[in-house]
Amino acid sequence: MGHSLKRKEDARFIQGKGHYVDDIQLPGMLHMDIVRSPYAYAKIKSINAEEALKIPGVIAVVTGKDLEKYNLHWMPTLMSDTQMVLPTDTVMYQAQEVAAVIATDRYAARDGKEAVMVEYEPMKPVIDPYKSLDPDAPVLRTDKEGKKDNHIWHWEVGDKEATEKLFNEAEVVVKEQMHIPRIHVSSIETCGCVADYDKINNHLTMYMTTQAPHAIRTVIALVAGHVGLTEEKVRVVSPDIGGGFGGKVPVYPGYVIAIAVSFLVGKPVKWVEDRSENLQADSFARDYHITAEMAGTKDGKILGTRFKILADHGYTDAAANPSKFPTGMFSIGTGSYDYQTTFMEADAVYTNKPPGGVAYRCSFRVTEAVHAIERITDRFALEIGKDPAQLRMENFIKKEDFPWKSPTGWEYDSGDYHAGLKKAMEVVGYDELRKEQAEKRKRGELMGIGISTFTEIVGAGPSKDFDILGIKMFDSAEIRVHPTGKAIARFGTKSQGQGHETTYAQIIAEELGIPAEHIQVEEGDTDTAPYGLGTYASRSTPTAGAAAAVAARKLRDKARKIAAYLLEVSEDDLEWEPGKFFVKGAPEKSKTIQEIVFAAYTNHPQGMEAGFEATHYYDPPNLTFPSGAYICVVDVDKDTGEIKVRRFVAIDDCGNIINPMIVQGQVHGGLTQGIAPAMYEELVYDEDGNILNGTFMDYLVPTAVESPSWETGHTVTPSPHHPIGAKGVGESPTVGAPPAIANAIVDALAPYGITHLDIPITPYKVWKALREKGAN
Amino acid sequence: MKKQITISVNGEKHTLEVEPRELLVHVIREKLRLTGTHIGCDTTSCGACTVLLNGKSIKSCTVLAIQADGKEVSTVEGLATAEGLHPLQEGFKENHGLHCGFCTPGMLMRAVELLEHNDNPTEEEIRWGIAGNLCRCTGYNNIVKAIQYASAKMRGEETPSTEPEFV
């Protein structure tokens, strides 16, 4: 624990020996490519595959009508909505899958895709989510019986009446309308699979880019059990994954089509989407329109908040949230502040855009919530003329008030928000920067300082509230120690770059005294790993990491029994130090863990079960609540609107730290995925539903040039309920960074009376806002 | 209409029949089965497919295999030698310059050429030098450190500390 062990997994990655889905090449393997809709909303009049089938190498063109024969043209989404696998009559968004071309090589498949002739009858799409609720808006989901509008669900939490009363009577009320734009995770590896159905043994091996292999196996069995693919006949293998960030949680139509085709022809079928398909059709993230309000006193006491959300889910609700939480963990949006009055409500709507609502390196909509609370807190500070750091310090929940009950029902486990912000202010030199800013303002130069002091909510989750499609959100670890004292440990999670092979080995090493280099960690094969819900929402350390610690402790208990037997003393006479048990008062009488394990196979006490292995399914008693204090400094060019991020200091508190190098690496990466939506990324659609930036040429993933040199640090407030006091960290920076950047830019523009700009804040937006406020 | 080409990959000569439109990256990955070179986009933007062609870093998704006829290709698989890892490989491992590993081979090959032209690049030169290679995981800080580490090592100087600056 606390040691920056170099990563075990790196040896293969730096030598080109990683093993990703597209690296799989099986004998007789066919290739699949997908014909996609050029229209956002259209009737399909006909699909003509005649020319495509003439192309050498093309062996089949699969349509919705073909799948309909097996009732495989529809599938459930993770939010219990429904989604077309392939359409039989109507397309609902641009780039929707229309037909699949199967060929003997990828070039022939692509030729076939170009040759399939589809005749469409375009219809006027619904693109604006506000207009989708107009009484005269066309009802999009006519497939859903009795559906009379485009409304999906309403959600609310808090005390509506008390909040209304508070807002009516408060001295100060501030309000901003915010759009948290539609963005895309864009892991550098796109999604794909090789579906390998063995007809003789009626067995499917599904190699796929999935963050949750076990859940996928169950979903496959639920969807295709009726054609014989019951769960014991399905093996899902998730090999190395080239980044996930939430985009590899859902089931995409391409996976289902590949399985169906492999099942029908008895040959392996590979489908790997290209980047444009990935950007244009795979699950988006966010797209929340939020009206955020804060009420308080003139001297800066926060009294309450109110948030009203319109959620654009596109064609279907294919979000990836725990079942009972349609807005994910948005209710963390009361933030790090000590007040008890809030009301939050959300309405979700259908539009003719791709479905989704997955996280983007974020624990279920926490980024949206944190943006709303941190922006409106700054707005409040601006309104009353108080320094935003001072305002936060005065309103933070105090360290001694944890565990703290939030007005939306969460019990924050631990935190020390004052310490975090104090440290961030010291590192960045806050007071000096404010002086510099005041001088620059006198000269008419624009410099801004932005703060974000966020509370995250991760580690889903306790089984009483958390499930996905009914499966409780525990996670698991299985440790087998071999006779010579070396171990293999398997998990229900699946790393996509987080370094599990190293971190989990370190946890077991700490608990069991076996060196981390002697512990092999394996994930991603449902035939061998224990069942778990996978890796997303920063849940691996809080759940599977906890399972590893508990399983190791079970083994330590067994080791104590064996040591007592070998040393001929009672268990109570033994003391543990990492790596061995020794007799109290006689440290020369000891047995190392390796000697004990060897005895478990060669000389175990009569009546005791032989062997040395343990499994644990960990059901967390609560979520964990990491926090952070981020400060961003920007310089803005008044003439061009250009924004330069001069400094960015991130102080994170993720509880006890297992590997500082990996934690810091996660923070760096998360910060770059924080600046991305703050300044660069947004999926833009025109009024006809055409995507305007559906390739990497115009969807601006930050390079090393746009990404600042991050300054990072930490405070440590252990989680009181987690076995090793850890909280999870992969997503905190993605969640916390955007409002720090937005607050800094708005702070720079404050002399012009600008109070809010929607992210991504581009030079053009800044230039335009300044011109509107009279700058020239 | 297939065409015969001869390319030398990591010092080994291969004579192959390829279609004129076949991309170099597909030949490397699927015919030669050197799968360390990856494909991350379709617009020459991400750099995951970067290899060296006659010593110059190129994006192999935008080069036809026939354009490489008679030329030398170097991929990530050829970086390490019998003596051990290339200093850049060591730099990436020691400085946590990779998470998922998908962009890493392209990043490494780009950095090889970068250091050949400039044996002691500044942070800014490194950032601009790898601007054609996208990484979604690391936030680039540690990639910069990894390249600085390798550049020191290749100059025969003491390598900078690999301890994280995590205050």
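Residue numbering restarts at 1 for every chain, and letters A, B, ... go by the order of the sequence lines. Here the structure is a predicted model, which is why all the values come from computation and not from measurement.
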From the list Gln498(A), Glu711(A), Arg106(A), Lys17(A), the residue making the most non-hydrogen contacts under 4.5 Å with chain B is Arg106(A)

Can a donor-acceptor pair be found between the side chains of His500(A) and Glu523(A) at a distance below 3.5 Å? yes

Checked Gln496(A), Arg12(A), Gln673(A) vs chain B; the most non-hydrogen pairs under 4.5 Å come from Gln673(A)

Okay, Pro733(A) and chain B: the region with an atom under 4.5 Å from a heavy atom over there is neither

Decide if atom CD of Glu158(B) counts as having more than 12 heavy atoms of other residues, nucleotides or ligands within a radius under 6.0 Å.
no

Any side-chain donor near an acceptor of the partner, Glu90(B) and His86(B), under 3.5 Å: no

Whatever's closer than 4.5 Å to a heavy atom in chain A on Thr138(B) counts as backbone

Cut-off 4.5 Å, heavy atoms of chain B, and the answer for Arg361(A) is side chain

Most contact-rich option vs chain A, by heavy-atom pairs under 4.5 angstrom, among Ile126(B), Asn95(B), Leu85(B), is Leu85(B)

Are the side chain of Glu501(A) and the backbone N or O of Lys8(A) linked by a donor-acceptor pair below 3.5 Å?
no

Residue from Thr190(A), Asp274(A), Val427(A), Thr715(A) scoring the most non-hydrogen pairs under 4.5 Å with chain B is Asp274(A)

Counting only N and O atoms by type, is there a donor-acceptor contact under 3.5 Å from the side chain of Asp119(B) to the main-chain atoms of Met154(B)? no

Taking a cut-off of under 4.5 angstrom between non-hydrogen atoms, the residues of residues 60-80 of chain B near chain A are Val76(B), Glu77(B), Ala80(B)

Assert top hit (heavy-atom pairs under 4.5 Å, partner chain A, pool Met107(B), Glu22(B), Arg33(B)) equals Arg33(B)

If one checks every heavy atom of Gln25(A) against chain B at 4.5 Å, the contacting part turns out to be both

Chain B shares the most heavy-atom pairs under 4.5 Å, among Ala11(A), Ser187(A), Ser276(A), with Ser276(A)

Under 4.5 Å to a heavy atom of chain B? For Ile662(A) that would be both

All heavy atoms of Arg110(B) vs all of Ser57(B), minimum pair found to be NH1-OG, 3.0 Å

Honestly, the part of Asp22(A) sitting under 4.5 Å from a heavy atom of chain B is both

If you tally heavy-atom pairs under 4.5 Å between each of Gly670(A), Gly669(A), Gly730(A) and chain B, the highest tally belongs to Gly669(A)

If one checks every heavy atom of Leu671(A) against chain B at 4.5 Å, the contacting part turns out to be neither

Under 4.5 Å to a heavy atom of chain A? For Thr162(B) that would be both

CA sep, side-chain torsions, deciding dist, call: Lys3(B), Glu17(B), salt bridge (charged side-chain N to carboxylate O under 4.0 Å, His left out):
CA-CA 5 Å; Lys3(B) 189 178 180 312; Glu17(B) 296 274 319; over 6 Å; no

Okay, Ser186(A) and chain B: the region with an atom under 4.5 Å from a heavy atom over there is both

Q. Under the side chain to side chain contact (heavy atoms under 4.5 Å, CB included) criterion, do Lys2(B) and Val18(B) qualify, and how do the steps go?
A. CA-CA 5 Å; Lys2(B) 292 208 170 178; Val18(B) 299; over 6 Å; no

>> With heavy-atom distances below 4.5 Å as the criterion, would you say the side chains of Ile241(A) and Cys100(B) are in contact?
In response: no

Hits for side chain to side chain donor-acceptor pair (under 3.5 Å) against Thr703(A), two or more places apart or cross-chain, chain-then-number order -> Glu706(A)

If one checks every heavy atom of Ala650(A) against chain B at 4.5 Å, the contacting part turns out to be neither

So, the part of Ile657(A) with a heavy atom under 4.5 Å from chain B: the answer is side chain

Checklist line | Backbone of Phe92(B) reached by a side-chain donor or acceptor of Lys145(B) within 3.5 Å | finding: no

The salt bridge (Lys or Arg N to Asp or Glu O under 4.0 Å) partners of Glu731(A) (sequence neighbours excluded) come to none

No-hydrogen, no-angle side-chain donor-acceptor test under 3.5 Å, Thr695(A) and Asp698(A)
yes

Under 4.5 Å to a heavy atom of chain A? For Glu123(B) that would be side chain

The interface call for Ser709(A) against chain B, heavy-atom contacts under 4.5 Å, is both

Cut-off 4.5 Å, heavy atoms of chain B, and the answer for Gln666(A) is both

The interface call for Val272(A) against chain B, heavy-atom contacts under 4.5 Å, is neither

Between His31(A) and Tyr107(A), does the ring centre distance come in under 6.0 Å? no

Residues passing the side chain to side chain donor-acceptor pair (under 3.5 Å) test with Tyr140(B), sequence neighbours excluded, are none

Exercise. Could you label the plane-to-plane angle of the His38(B) and Tyr20(A) rings as parallel, tilted or perpendicular, counting under 30° as parallel and over 60° as perpendicular?
Key: perpendicular

query: Does Arg647(A) reach the main-chain N or O of Cys632(A) with its side chain, forming a donor-acceptor pair under 3.5 Å?
result: no

